[in-house]
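Nothing here was measured: the structure is a model prediction, and the numbers come from that model. Here is the naming used below: chain letters follow the sequence lines, and residue numbers restart at 1 for every chain.
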2 protein chains.
Amino acid sequence: MLFSTATGYALRALAALPEDGTFCLAKDLSSQLDLPGPYLAKILQGLVQASILESVRGPKGGFRLARPSHRITVGEVVAALEGPQALEGCVMGFPTCSGDHPCPLHDAWDAVKTQVTSSMTEATIRDLQLMDLRHQKEAEVSRGAGKKRPSPAG
Amino acid sequence: MLFSTATGYALRALAALPEDGTFCLAKDLSSQLDLPGPYLAKILQGLVQASILESVRGPKGGFRLARPSHRITVGEVVAALEGPQALEGCVMGFPTCSGDHPCPLHDAWDAVKTQVTSSMTEATIRDLQLMDLRHQKEAEVSRGAGKKRPSPAG
DNA sequence: AGCATTTCAGAATCCTTTTTCTGATTCCAG
DNA sequence: CTGGAATCAGAAAAAGGATTCTGAAATGCT
């Protein structure tokens, strides 16, 4: 993976949150996604501090998105957890690598940074939700349409 | 950086090795490159096991390239230290992400993998050596043009 | 107001990566 | 052939991130 595990957990949790203002429990999210509960809670706290989530304590409390899911970009989440300089520096760690002294992978890596940064800025949590919904839908279909054959001979 | 620090150290050490069959000491490499000596030695051992370096023990021993520098690709080194699956998996760590269920960054990441893999396969240690030589050359020039005084009082 | 439920915050534990240390092996000199 | 110096090689320690645990604060219900 390109990012830390915490960032991956955060994105999966955000994608699992409902779009309406319903509060969700960190515990439920962790069991639903098979993620370590207390660690996920700690990560969600970080997202609250980054104004990506809102939390309410007490009964009927929990976490919810601070904004509509299509207004939260993947890049925001990455920046909140990985820091804004996530993709900086030479690919290979050469301290002398720069625009003046480019390493052989410098240009390719530069294109990568542009591409990934652009994609992260465009992609939103809403997109992740749709992906997950699509996955669940297909799982249902395959469950109903017929059992998974070990040898798809047809 | 995209890879581990060990991989970065390995690449820097390989770029510092001479192209002829001379044996170099891990100690000299570490002091020349300002890298932790015993750790670098351990990394070099891994490169020996990957048949990228050759080592000889005892006096007049040391490490040297197992092949001409232009025959060792950056990809080989990365694969030897990071494993062959270094760039596999979803960018964001989504376990359900695949060609069938692509995440929003799937295509971009796929292009990245292709691009970086290709560059790593083409770039060789020889290219890294040339980059470093170029850097040293320019450092010399700048040293001649205006010397760096310890106390630039005037 | 008091109690139960729930989240937030910080400390402690575990694991991986990074770093360091000691021992095994090799070559040269006598 | 033996002793000593030099070097790699593998095991042991340290550091950083990931994970888990425990305590403190806040809210809603009675």
**Asked** Rounded to the nearest 0.5 Å, how far apart are CG of B:Asp28 and CZ of B:Phe63?
**Response** 12.0 Å
**Prompt:** Rounded to the nearest 0.5 Å, how far apart are CD of B:Glu82 and CG of B:Leu87?
**Reply:** 8.5 Å
**Request:** Please check if any side-chain donor atom of B:Asp20 sits under 3.5 Å from a side-chain acceptor atom of B:Thr22, or the reverse.
**Result:** yes
**Request:** Specify the residue among A:Lys42 and A:Gly62 whose closest nucleotide of DNA chain C lies further upstream toward the 5′ end.
**Result:** A:Gly62
**Asked** Looking at the side chain of B:Ser4, which of C:dT18, D:dC21, D:dC8 is the nearest nucleotide?
**Response** C:dT18
**Message:** Of the listed nucleotides (D:dA9, C:dC8, D:dT20), which one gets closest to any side-chain atom of A:Pro36?
**Reply:** D:dT20
**Item:** Side-chain (B:Gln49) to main-chain (B:Ala80) donor-acceptor, under 3.5 angstrom
**Value:** no
**Request:** Would you indicate what B:Ala26 reaches in the nucleic acid, counting non-hydrogen atoms under 4.0 angstrom: base, sugar-phosphate, or nothing?
**Result:** sugar-phosphate
**Request:** Rounded to the nearest angstrom, tell me the gap between atom CG in A:Leu40 and atom C1' in C:dC8.
**Result:** 14 Å
**Fill in**
Among the nucleotides D:dC8, D:dG10, C:dA9, whichever has the atom closest to the side chain of B:Gln49 is D:dG10
**Request:** Between A:Leu35 and B:Ala41, just flag the one whose closest nucleotide in DNA chain D comes earlier from the 5' side.
**Result:** B:Ala41
**Message:** Closest approach to the side chain of B:Thr5, judged atom by atom: which nucleotide of D:dA18, C:dT18, C:dC8 is it?
**Reply:** C:dT18
**Asked** Which listed nucleotide (C:dT26, C:dC8, D:dT20) is nearest to the side chain of A:Gln45?
**Response** C:dC8
**Complete:** Here the distance between atom P of D:dT20 and atom CD1 of A:Ile43, to the nearest Å, is 10 Å
**Fill in**
Which of C:dC8, C:dT26, D:dT7 is nearest the side chain of B:Leu25? It is D:dT7
**Request:** Nearest whole angstrom, please: distance from the P of C:dC14 to the OH of A:Tyr39.
**Result:** 17 Å
**Request:** For B:Leu53 and D:dC8, give me the distance from atom CG to atom P, rounded to whole Å.
**Result:** 11 Å
**Prompt:** Within the structure, does a side-chain N or O atom of B:Ser55 lie under 4.0 Å from either OP1 or OP2 of D:dT7?
**Reply:** no
**Complete:** In whole angstroms, the gap separating P of C:dC8 from CG of A:Leu47 amounts to 11 Å
**Message:** Between P on C:dT6 and NZ on A:Lys27, what's the gap in Å once rounded to a whole number?
**Reply:** 8 Å
**Prompt:** Could you give the CZ-to-P distance, from B:Phe23 to C:dT26, as a whole number of Å?
**Reply:** 14 Å
**Prompt:** Got a donor-acceptor contact below 3.5 angstrom from the A:Arg64 side chain to the A:Gly21 backbone?
**Reply:** yes
**Prompt:** Looking at C:dC8, D:dT20, C:dT18, which one has an atom nearest to any side-chain atom of B:Ala6?
**Reply:** C:dT18
**Asked** Want to settle it: does A:Cys24 or B:Tyr9 sit nearer the 5' end of DNA chain C, counting the closest nucleotide to each?
**Response** A:Cys24
**Request:** Measure the distance from CZ on B:Arg57 to C1' on D:dG4 and round it to the nearest whole Å.
**Result:** 18 Å
